[in-house]
Amino acid sequence: MFEYKKVLKEVERLESMIDVIENSKDNSGYRVQISYCNGKLYSEGSDEYLVDIYVIDDYQSYSKQGKQIELVNISNHELEEKLPCKVYGDPIQSKGVIKSIKFNKEAILEELKENEKYIVNTKLGIIEKPIGENKIISKSIIPNNIEVYFSDYTSKECIENMLMVKNEITEEFGMNPSYFDVSVQRGKLNPYMKKGKTNLYLRRDVEKFIKQLDH
């Protein structure tokens, strides 16, 4: 119960951070950091670089005074807080200017409520839920429901960003790859489309499939 109340406060804090981004004047309330990953630690990653978004945690108190924050010769600030989210679009081409944010607060609260006794991390809303005797599903609820867009998306691009491949599904939902293959063969989860030899699955279909496993 304590962890649940704590994560609810975190959701409210994140909502205020998103409000800062959506209403900050001259891009002064947030910073976009791009990190190129050349070490072996990131060798299996598919992205050329990582994107992190930081928000001035105390920005609103400055803006209420009619002031605007300006950091001179500083790349980091002790008041900054990292926004847990998924990033879409090209932050380099947009020069770090965020076009829009999708904050699915209702879905976050609903999923946290359903899994309140399984919460193990209140910053990201991570749950670890036992499935059967020898299996645990680990899932980050908060980052999966905050989407940051650096460009305007067409309906086709929106669909593409909701698609998942097998390894993404098994890693995010802690599913055994062999079990996933059997489920697909039995028609419990059907691909949305095929790209070359790779099956692509809609996120909403995957999440519906995962929920059915819980019952």
Side-chain angles (χ1 to χ4, degrees), residues 11 14 37 41-53 83-91 98-116 118-121 124-215:
V11 172
L14 290 172
C37 309
L41 179 64
Y42 303 98
S43 61
E44 295 183 0
S46 58
D47 297 328
E48 183 182 2
Y49 50 78
L50 298 178
V51 181
D52 294 309
I53 298 166
L83 180 71
C85 62
K86 289 190 171 183
V87 173
Y88 300 100
D90 189 340
I98 296 173
K99 292 290 185 71
S100 62
I101 299 179
K102 181 182 177 184
F103 178 45
N104 199 341
K105 182 179 179 180
E106 292 76 14
I108 292 175
L109 295 178
E110 180 181 349
E111 201 162 358
L112 287 173
K113 181 62 179 175
E114 289 177 356
N115 298 281
E116 62 176 287
Y118 303 114
I119 297 170
V120 296
N121 182 305
L124 300 175
I126 297 177
I127 61 169
E128 291 183 354
K129 188 173 183 178
I131 303 295
E133 294 183 3
N134 303 311
K135 183 179 177 183
I136 294 177
I137 288 181
S138 179
K139 182 179 180 182
S140 299
I141 295 174
I142 291 176
N144 287 331
N145 286 286
I146 302 178
E147 300 175 357
V148 175
Y149 294 87
F150 285 96
S151 61
D152 297 322
Y153 275 67
T154 64
S155 57
K156 179 183 177 181
E157 288 171 323
C158 285
I159 291 176
E160 288 176 349
N161 282 314
M162 291 188 291
L163 295 174
M164 305 179 74
V165 295
K166 173 185 172 180
N167 68 311
E168 291 175 329
I169 296 170
T170 55
E171 288 178 8
E172 180 173 328
F173 296 98
M175 183 181 297
N176 184 291
S178 298
Y179 182 82
F180 176 85
D181 291 336
V182 172
S183 298
V184 172
Q185 290 171 6
R186 293 180 177 177
K188 294 182 178 180
L189 177 64
N190 297 312
Y192 174 74
M193 62 180 290
K194 198 163 189 174
K195 192 172 183 179
K197 295 183 179 180
T198 304
N199 287 332
L200 301 175
Y201 304 84
L202 275 176
R203 172 172 285 278
R204 65 169 177 262
D205 291 341
V206 174
E207 291 178 344
K208 182 178 180 181
F209 168 66
I210 295 298
K211 281 189 176 181
Q212 290 174 345
L213 294 179
D214 296 344
H215 298 291

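Note that these values count all heavy atoms, side chains included, but never hydrogens, waters or copies made by symmetry. Worth saying up front: this structure is predicted, and the values here are computed from it rather than measured.
- Taking CD1 of Ile101 as the reference point, atom CG of Leu83 lies at 6.5 Å (rounded to 0.5 Å).
- The side-chain heavy atoms of Pro191 and Leu200, taken from C-beta on, include no pair separated by under 4.5 Å.
- In this structure Lys197 satisfies the side-chain hydrogen bond (donor to acceptor under 3.5 Å, both in side chains) test with no other residue, sequence neighbours excluded.
- With values rounded to the nearest 0.5 angstrom, Leu163 atom CG is found 12.0 Å from Thr198 atom OG1.
- Partners of Tyr118 by ring-ring contact (aromatic ring centres under 6.0 Å, His included), not counting sequence neighbours: none found.
- In this structure, the side-chain contact (heavy atoms from CB on, under 4.5 Å) partners of Lys194, at least two apart in sequence or on a different chain, are Asn199.
- Judged as a salt bridge (Lys or Arg N to Asp or Glu O under 4.0 Å), the pairs with a partner in residues 137-149 (not counting sequence neighbours) are, in order, Glu111-Lys139.
- With rounding to the nearest 0.5 angstrom, the NZ atom of Lys129 is 11.5 Å from the CD1 atom of Ile119.
- The side-chain contact (heavy atoms from CB on, under 4.5 Å) check on Asn190 picks up nothing, with sequence neighbours excluded.
- By the 4.5 Å heavy-atom criterion applied to side chains, Asn104 and Ile146 are not counted as neighbours.
- Sorted by first and then second residue, the side chain to side chain donor-acceptor pair (under 3.5 Å) pairs involving residues 163-172 (not counting sequence neighbours) are Asn144-Glu172, Lys166-Asp181, Glu172-Arg203.
- In this structure, Phe173 has no ring-ring contact (aromatic ring centres under 6.0 Å, His included) partners at least two apart in sequence or on a different chain.
- In this structure, the side chains of Ile141 and Ile126 stay at 4.5 Å or more apart for every pair of heavy atoms.
- Closest of all the heavy-atom pairs between Leu124 and Pro84 is CD2-CB, 3.6 Å.
- Take Glu110 and apply the salt bridge (Lys or Arg N to Asp or Glu O under 4.0 Å) test, not counting sequence neighbours, and it matches no residue.
- Ring pair Tyr201/Tyr192: centre-to-centre distance not below 6.0 Å.
- We find the CD1-CD1 distance between Ile136 and Ile127 to be 11.5 Å, quoted to the nearest 0.5 Å.
- Qualifying side-chain hydrogen bond (donor to acceptor under 3.5 Å, both in side chains) partners for Glu116, counting only residues two or more places apart in sequence or in other chains: Lys113.
- Counting only heavy atoms from C-beta outward, the side chains of Phe180 and Ile169 approach each other to under 4.5 Å.
- For Ser178, the side-chain contact (heavy atoms from CB on, under 4.5 Å) partners two or more places apart in sequence, or in a different chain, are Asn176.
- Taking CD of Glu114 as the reference point, atom CG of Leu109 lies at 11.5 Å (rounded to 0.5 Å).
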Residues Glu106, Asn145; criterion side chain to side chain contact (heavy atoms under 4.5 Å, CB included); working and verdict: CA-CA 9 Å; Glu106 292 76 14; Asn145 286 286; over 6 Å; no
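- With sequence neighbours excluded, the residues that form a side-chain hydrogen bond (donor to acceptor under 3.5 Å, both in side chains) with Lys105 are Glu12, Glu15.
- Between Val11 and Phe103 the shortest side-chain heavy-atom distance falls below 4.5 Å.
- Dense packing is recorded around NZ of Lys86, with more than 12 heavy atoms of other residues, nucleotides or ligands lying under 6.0 Å away.
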